[in-house]
Amino acid sequence: MNLPYAEPYKTKMVEYIRPSTIEERKQWIKEADYNLFNLTSEKVFIDLLTDSGTGAMSDKQWGEMMVGDESYAGSQSYLKLKEVVNRITGFEYFLPTHQGRAAENVLFSVLIKTGDIIPGNAHFDTTKGHIEFRNATALDCTIDEAFNTSIYHPFKGNINIEKLENALRTTEKGKIPFVVLTVTCNTAGGQPVSMDNIKNVSAVCKKYGVPLYIDAARFAENAYFIKIREEGYEDHSIKEITKEMFSYADGMTMSAKKDGLVNMGGFIALRDEEVYKRATVFNIMYEGFITYGGMNGRDMGALAVGLDEATEFDYLETRVEQVAFLGKQLVEYGVPVLEPFGGHAIFLDANKFVPTIPRNEYRAQALAIELYIAGGIRSVEIGTILADRDPFTHKNRYPELELVRLAIPRRTYSLNHMRYIAAVIKEIYNTRSQAKRGYKIVDEAPIMRHFTVKLEKIINE
Ligand SMILES: *Cc1c(COP(=O)(O)O)cnc(C)c1O
């Protein structure tokens, strides 16, 4: 029998979301200066701003919230979490942190010095931020196929081994403290890295005596893609695959807000005792004592359960296939989206969707605003506004792609919500030729302007 998959959970509690009218939303987005970050949540019907910390916890996770051990040192919740991290990752040493970037801050404080180079696959922005903050350089070695939207590749998050080896061979010894591999690669659109690539990256790192760290925010989604796309892994369990992935690395940083299935949290896990010992000093300074590191006992308990749930096949199938369901609906409607679909988000290609809006009028932002007005859907622009201005010329930097990201929170929305989202986008797509004018910036911060930028609608003269 070939039955369709169904969610391996049912609903025990619901949270009402408020439908609103187009007229209300036109007014609200104007009051928010056409910046979706300025909208308060009750003005949003379906919130696809991010999949970070926005998922739903299970009853077992909520149960852990009640029995959390809030002891300052040696909490039972810490021990529960440590046991699960050891079992799932195979790493012996473990430090909790308050979220993913905090794990980066602590680990990089140990490993990075001025002038260093850290190769990786399209580093996530906080990772890059923590590297550049230390006057070091993030070197992108992602395969070229990752940024070519018309090519199909099952593992667009892969590292180009030649590029990596070239960097390791030609860089002065000691200047590459480690290589960081992000699974799945968020910056490349939630694209996975194959086991074969992880193995090869690890082998090159060993050859040059450089440690490999995994940015593991979406490690379970990556394992799902390996199971369904990579030869030889069909019959492996997700937990076997994740264990193998980590076996090629020396350690990891984790944003538990993603595949930890919790709303806040993170950790570092390591193989090397020496690095661990040095990291504990920074953990105590920046995060908290080594047995809580910025997390409540109850939150560590919920994370322990979350990591186990996130590494079950049935959950991951529901998760990744729900995202793909939305993608397939849009493709069916002829809407231009990036393919293959990412594990956590669908990306609308605004250059193909609304080429009629001039680029200097922020076409991806204009499309994101339209999505909000038409359907109460909050998405996020990954385009010219996000790319900021050139620090020297102060001119807009126009990235190759103008995207609108629809990030899907975990275990939160139903397939009907996906149908609704697709229907709203279809409507906008059918009237796209009328979209002629976009927006102008009236106020912006010198860096990271997207969070606080104020815009005005350009009225057709
Ligand atoms: C979210 C994320 C981070 C940072 O984690 P936070 O919990 O948001 O601080 C780092 N790397 C990747 C790949 C991420 O997706």
Side-chain angles (χ1 to χ4, degrees), residues 15-54 125 263 345-348 350 353-354 356-389 394 396 398-399 402-409 412-413 417 420-461:
E15 173 184 347
Y16 272 92
I17 46 177
R18 182 186 183 284
S20 48
T21 65
I22 289 187
E23 287 318 309
E24 281 177 314
R25 293 192 292 265
K26 275 187 179 160
Q27 183 61 29
W28 290 337
I29 192 66
K30 188 168 178 227
E31 286 164 9
D33 298 307
Y34 297 101
N35 182 338
L36 294 148
F37 285 97
N38 285 339
L39 290 168
T40 52
S41 60
E42 87 283 5
K43 296 189 173 79
V44 176
F45 184 52
I46 297 183
D47 206 344
L48 309 182
L49 188 68
T50 175
D51 67 324
S52 179
T54 52
D125 46 19
N263 304 113
I346 295 296
F347 294 78
L348 304 179
F353 200 121
V354 276
T356 45
I357 299 176
R359 284 204 79 178
N360 62 1
E361 295 181 11
Y362 311 107
R363 57 171 67 134
Q365 179 69 11
L367 180 55
I369 291 168
E370 219 29 58
L371 237 65
Y372 173 68
I373 292 174
I377 300 160
R378 173 154 68 177
S379 55
V380 69
E381 188 247 29
I382 311 256
T384 304
I385 295 181
L386 183 76
D388 267 329
R389 288 177 192 276
H394 298 288
N396 270 333
Y398 292 103
E402 291 275 359
L403 304 172
V404 173
R405 186 183 76 179
L406 310 164
I408 312 297
T412 302
Y413 293 114
H417 289 118
Y420 170 88
I421 298 160
V424 169
I425 295 170
K426 181 187 177 197
E427 287 294 317
I428 299 172
Y429 191 62
N430 289 343
T431 56
R432 67 192 181 283
S433 58
Q434 293 160 28
K436 296 245 164 26
R437 304 305 303 264
Y439 293 81
K440 64 176 182 217
I441 291 181
V442 291
D443 189 40
E444 64 186 295
I447 52 163
M448 306 278 258
R449 63 178 175 180
H450 57 288
F451 288 120
T452 53
V453 69
K454 291 183 179 172
L455 298 162
E456 230 167 57
K457 198 173 165 68
I458 300 174
I459 307 295
N460 241 336
E461 285 94 32

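Worth saying up front: this structure is predicted, and the values here are computed from it rather than measured.
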(message) Main chain of I382, side chain of R405: is a donor-acceptor contact present, judged purely on distance under 3.5 Å?
(response) no

(request) Assess whether salt bridge (charged side-chain N to carboxylate O under 4.0 Å, His left out) is satisfied between K43 and E31, documenting all intermediate values. (result) CA-CA 12 Å; K43 296 189 173 79; E31 286 164 9; 5.6 Å; no

(message) Check the orientation of Y439 and Y34. Use parallel for under 30°, tilted for 30 to 60°, and perpendicular for over 60°.
(response) tilted

(request) Could you grab the distance from atom OH of Y372 to atom CG of L36, nearest 0.5 Å is fine? (result) 8.0 Å

(request) Measure the spacing between CZ of F353 and CG of L367 and express it to the nearest 0.5 Å. (result) 5.0 Å

(message) Nearest 0.5 Å, please: how far is NZ in K457 from CD in E361?
(response) 10.5 Å

(message) If we count only N and O atoms by modelled type, under 3.5 Å, do the side chains of T21 and E23 hold a donor and an acceptor together?
(response) no

(request) Check whether any side-chain N or O of R363 sits under 3.5 Å from a backbone N or O of I357 as a donor-acceptor pair, and report yes or no. (result) yes

(message) Nearest 0.5 angstrom please: I441 CD1 to I385 CD1, how far?
(response) 5.0 Å

(message) Evaluate D51 against I408 for side-chain contact (heavy atoms from CB on, under 4.5 Å), listing each step before the verdict.
(response) CA-CA 5 Å; D51 67 324; I408 312 297; 6.0 Å; no

(request) Identify the two heavy atoms, one from A368 and one from V404, that lie closest to each other, and give their separation to 0.1 Å. (result) N-CG2, 4.1 Å

(message) Working to the nearest 0.5 angstrom, can you tell me the gap between D47 CG and T54 OG1?
(response) 7.5 Å

(request) Could you pull out all residues at least two apart from N396 that satisfy side chain to side chain contact (heavy atoms under 4.5 Å, CB included)? (result) Y362, T384, R389, Y398, R449

(request) Side-chain contact test, heavy atoms from C-beta onward, threshold under 4.5 Å: evaluate it for V44 versus W28 and give yes or no. (result) no

(request) Decide yes or no for I373 and I29: does some side-chain heavy atom of the first lie under 4.5 Å from some side-chain heavy atom of the second? (result) yes

(message) I need the L386 CG to Q365 CD distance, nearest 0.5 Å.
(response) 10.5 Å

(request) Please list, chain by chain and in numerical order, all residues satisfying side chain to side chain contact (heavy atoms under 4.5 Å, CB included) with N35, sequence neighbours excluded. (result) F37, N38, V453

(request) Heavy atoms only: give me the nearest K436-P358 pair and the separation to one decimal. (result) O-CD, 3.4 Å

(request) Indicate the atoms forming the closest heavy-atom contact of V354 with A435, along with that distance. (result) CG1-CB, 4.0 Å

(message) Within the structure provided, determine whether I421 and Y413 are in side-chain contact (heavy-atom separation under 4.5 Å).
(response) no

(message) Quick check: do L48 and I377 have side-chain heavy atoms less than 4.5 Å from each other?
(response) yes

(request) State, to 0.1 Å, how close N263 and G53 come at their nearest heavy-atom pair, and which atoms those are. (result) ND2-O, 2.9 Å

(message) Is the shortest side-chain heavy-atom distance between L371 and L406 below 4.5 Å?
(response) yes

(message) Minimum heavy-atom separation for P399 and E402, please, with both atom names.
(response) CD-OE2, 4.5 Å

